[in-house]
Amino acid sequence: MLKIRLMGTKNDIKWFAKILQRHPKVEVKEFSDFYTNKGTKKFYRAYVEVNKTNVAEK
């Protein structure tokens, strides 16, 4: 299992979350809410827990 911190705008984080969820070798276990970064209202952070899936390659 990996725990990943994503930082960026809300749109950037949502965009990358979709990529993670669509990837056949990655299973997203948990996706946190958005948290604001201190000193800015533009950038946020979110935390993701992922597992590796065993997909047989062709």
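These numbers come from the heavy atoms of this one structure, side chains and all, not from hydrogens, waters or symmetry mates.
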Do Asp12 and Thr9 meet the criterion of a side-chain donor-acceptor pair at a distance under 3.5 Å?
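There is such a pair (donor and acceptor under 3.5 Å, judged by atom type) between the side chains of Asp12 and Thr9.
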
Please answer: with hydrophobic residues joined when any side-chain heavy atoms are less than 4.5 Å apart, are Trp15 and Val28 in the same cluster?
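Yes, same cluster.
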
Is there a path of hydrophobic side-chain contacts, each under 4.5 Å between heavy atoms, that joins Met1 and Val50?
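Per the 4.5 Å side-chain linkage, Met1 and Val50 are not co-clustered.
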
How long is the span from the CG atom in Leu20 to the CD1 atom in Ile4, to the nearest 0.5 Å?
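CD1 of Ile4 is found 6.0 Å from CG of Leu20.
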
Hey, could you give me the CD/CD distance between Glu27 and Glu49, rounded to the nearest 0.5 Å?
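Interatomic distance, Glu27 CD to Glu49 CD, rounded to 0.5 Å: 11.5 Å.
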
Just to verify, which of Asn51, Leu2, Val48 counts as forming a side chain to side chain contact (heavy atoms under 4.5 Å, CB included) with Lys29?
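Of the listed residues Asn51, Leu2, Val48, the side chain to side chain contact (heavy atoms under 4.5 Å, CB included) partner of Lys29 is Asn51.
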
Side chain to side chain contact (heavy atoms under 4.5 Å, CB included) between Ile13 and Tyr44: does it pass, once the steps are laid out?
CA-CA 8 Å; Ile13 294 171; Tyr44 294 84; 4.3 Å; yes

Any side-chain heavy-atom pair of Lys52 and Lys25 under 4.5 Å:
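The answer is no; the side chains never approach within 4.5 Å.
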
Measure the shortest side-chain to side-chain distance between Asn37 and Met7 over non-hydrogen atoms and say whether it is less than 4.5 angstrom.
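They are in side-chain contact.
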
Enclosure of Phe31 CZ (heavy-atom neighbours >12, cutoff 6.0 Å)
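More than 12 within 6.0 Å, yes.
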
Give a yes or no answer on whether the side chain of Arg5 reaches the backbone of Ala46 with a donor-acceptor pair at less than 3.5 Å.
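Such a contact is absent between Arg5 side chain and Ala46 backbone.
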
Using a 3.5 Å distance criterion without hydrogens, assess whether the side chain of Thr53 forms a donor-acceptor pair with backbone atoms of Pro24.
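Checked: pair present.
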
Go through the steps to decide whether Lys14 and Phe34 satisfy the test side chain to side chain contact (heavy atoms under 4.5 Å, CB included), and finish with yes or no.
CA-CA 10 Å; Lys14 289 176 187 177; Phe34 291 103; 3.9 Å; yes

